[in-house]
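Below is one structure; the comments refer to it alone.
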Amino acid sequence: MREIFAGMPWWVKWVAVPVIALVVFGGLILSVVQVVVGLLFKLLVFVALVGGLIYVVRKFTSSSSSRGDW
């Protein structure tokens with residue numbers, strides 16, 4: 001493989017081969033990126049919802065305990 005690329009000009013190694021790889025595997029790369037971004041968004045929504053739930057529960061439990069049933 002190195003012998004094949006050794007005789008090629010620089011633009012073939014650094015421009016043409018990556019462009020061909022992007023054309024061939026572009027759909028696969030795009031779908032993987034889409035799945036990762038989707039999972040990160042769902043994780044962010046999950047963290048926000050759990051944080052909101054914890055905030056609401058603490059607010060209600062602190063207000064009910066501060067009434068003073070002594």
Side-chain angles (χ1 to χ4, degrees):
M1 195 69 176
R2 290 185 185 200
E3 295 85 21
I4 295 172
F5 280 117
M8 298 287 172
W10 68 269
W11 60 270
V12 172
K13 293 186 270 189
W14 299 106
V15 177
V17 173
V19 167
I20 292 171
L22 282 175
V23 168
V24 172
F25 297 109
L28 176 66
I29 293 169
L30 188 63
S31 62
V32 168
V33 169
Q34 185 177 5
V35 167
V36 169
V37 169
L39 285 175
L40 286 175
F41 178 73
K42 288 179 182 179
L43 181 67
L44 182 65
V45 169
F46 175 75
V47 168
L49 288 174
V50 169
L53 178 66
I54 291 172
Y55 174 77
V56 168
V57 167
R58 284 188 177 175
K59 185 147 178 96
F60 279 115
T61 55
S62 67
S63 67
S64 66
S65 65
S66 66
R67 288 182 189 162
D69 294 337
W70 296 93

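The first residue of the sequence shown is numbered 1, and numbering continues consecutively from there. Keep in mind that this is a model prediction, so the values were computed, not measured.
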Compile the donor-acceptor pairs under 3.5 Å between side chains in residues 13-30 and protein atoms, sequence neighbours left out, one pair per line.
none

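There is a path of hydrophobic side-chain contacts, each under 4.5 Å, that joins Met8 to Trp11. Two different hydrophobic clusters hold Val45 and Leu53 under the rule that ILVMFWY side chains link at heavy-atom gaps under 4.5 Å.
Residues satisfying the side-chain contact (heavy atoms from CB on, under 4.5 Å) criterion with Val56, sequence neighbours excluded, are Phe60. With sequence neighbours left out, the side-chain contact (heavy atoms from CB on, under 4.5 Å) criterion links Leu44 to no other residue. Under the rule for a side-chain contact (heavy atoms from CB on, under 4.5 Å), the partners of Val35 that lie at least two apart in sequence or sit in another chain are Leu39.
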